Protein chains: 2
Amino acid sequence: MAAGEVSGRGPRERMVFSAAQLIRGRGVGATGMRDVVAHARAPRGSLQHYFPGGKEELVTEAVEWAGRYAARRVARFVAGLPEPTPSALFTAMVRQWTDDLAARDATSGCPVAAAVVDCADTSETTRTAAAAAFTAWAAAVAQALTDMGVPSARAEALATLMISAVEGALLVARAERDVRALTAVSQELGPLLDAAVEKR
Amino acid sequence: MAAGEVSGRGPRERMVFSAAQLIRGRGVGATGMRDVVAHARAPRGSLQHYFPGGKEELVTEAVEWAGRYAARRVARFVAGLPEPTPSALFTAMVRQWTDDLAARDATSGCPVAAAVVDCADTSETTRTAAAAAFTAWAAAVAQALTDMGVPSARAEALATLMISAVEGALLVARAERDVRALTAVSQELGPLLDAAVEKR
DNA sequence: CCGCTACTATGACACCGGTCATAATCGCGG
DNA sequence: CCGCGATTATGACCGGTGTCATAGTAGCGG
């Protein structure tokens, strides 16, 4: 979710990416299809060609994309860790967001969160996609935790805790236009996470 | 935030309440002013009379109302606790949401979160109101924690952690139409919270 | 009854959104 | 060059939005 890269491969992929980008900034309702094609520098006629399901399809796919992205990202984080501890992973996750907030003046949040808020009870398929996104993300985190020695029973619960904390802190941080909440969460949760790895 | 009470005092107060109710369900963008007056059973003409600032004013006030409500609620929770421990307070906070989700099939979230997602970068005043709402809520929690013996330095950080965790878990729970995330968060965070009270 | 303020009623306006209909163009195999 | 499917272009439509203008009513002090 770098800066504003739009040079992804096909027009279709670009549109999905742009949709995610816009949604996470203004919410689903305020994101128009015309805005998406403009942002993706894609032809407007391609909308009804690539997304015959209309806006709902586009939004859903943007959410799915975000879920895959987050999951991939976790794997990359743990790979790049000096020494893999749960708290280090969590710090890395948080840092991604603090960097993102700083880079764009806290004008963007998480697209999945936006989709949940705006579509959870109007579009069943979008809601399901959001749930899947969270699940995929959590699975990646849980996997990383078990690899670090956390009993798999707790790993899942801790993964949802981590994701929930990040997502919530992101909300607060955006409202306050201050990274404070994110760093606080990272700080306070670290010890708890590390304490969960089984000593051997 | 009981069920669907609309019999609050004046028409103005009812409209603010209804706005919060609708916003937390469908988001700000999808909530029309006409919907609000209908839900509040208030005359449509009263809109421009009571809220000359238009939708922005109404939304902002709904957010402020939600913030006050959450803060008040915390005080009531701690008052009703058998024995006041941080984990017990957190469980009570979580339970309020699980009950709410169960009562309405997970069709509603937090109005403040919705406002952040939809208005954070379009309306400065609404964003500020959301920040104030979180701050008020956190202050109430932090106060409760210090009363329980948590050093005031950590109390603030823990309060934002609690709020972030609840808010994030609420998002996940709504997406999954399952209370799981909320209970997991409550479960995992409890010991950490209780460990923060200073033994004397 | 008057006058004044608080409130309500109602219709119109300008605007914008997603979607559809229809036609044009491209690109390539034959 | 033809044909044909994939893509793009464009304009229109319809429903819905927030907001405003204008007029009406209610209630009360004098």
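So you know, we letter chains A, B, ... as the sequences are listed, proteins then strands, and number each from 1. Keep in mind the model is a prediction, meaning the values are calculated, not measured.
- Comparing Gln48(A) and Arg34(A), the nucleotide of DNA chain C nearest to each residue sits closer to the 5' end for Arg34(A).
- Nearest-nucleotide positions on DNA chain C for Ala30(A) and Pro52(A) put Ala30(A) closer to the 5' end.
- Summarising the geometry, the separation between CG on Leu22(A) and C1' on dG17(C) is reported as 15 Å, rounded to the nearest angstrom.
- Within the 3.5 Å criterion, the main-chain N or O of Val28(A) finds a donor-acceptor partner in the side chain of Lys55(A).
- For His49(A), no side-chain nitrogen or oxygen approaches OP1 or OP2 of dT8(D) to under 4.0 Å.
- Nearest heavy-atom pair, Phe90(B) versus Leu193(B), reported as atom, atom and distance to 0.1 Å: CB-CD1, 3.7 Å.
- Taking atom OH on Tyr50(A) and atom C1' on dG5(D), their separation rounds to 13 Å, with Å as the unit.
- The interatomic distance linking Glu56(A) (CD) with dG17(C) (C1') rounds to 16 Å, in whole Å.
- Atom CZ of Arg44(A) and atom P of dA24(C) are 17 Å apart (whole Å).
- Rounding to whole angstrom units, CG of residue Leu47(A) and P of dA9(D) are separated by 11 Å.
- Arg41(B) has its CZ atom 19 Å from the C1' atom of dA9(C), to the nearest Å.
- Between Ser46(B) and dT8(C) there is a side-chain polar atom (N or O) within less than 4.0 angstrom of OP1 or OP2.
- A salt bridge links Asp100(B) with Arg24(B): the distance from a Lys NZ or Arg NE/NH1/NH2 to an Asp or Glu carboxylate oxygen falls below 4.0 Å.
- With hydrogens and angles left out, the side-chain atoms of Thr126(A) and Thr60(A) include a donor and acceptor closer than 3.5 Å.
- Computed from coordinates, the Leu58(A) CG to dG18(C) P distance equals 10 Å when rounded to whole Å.
- Across the protein-nucleic acid pair, Lys55(A) atom NZ and dG17(C) atom P stand 9 Å apart, rounded to whole Å.
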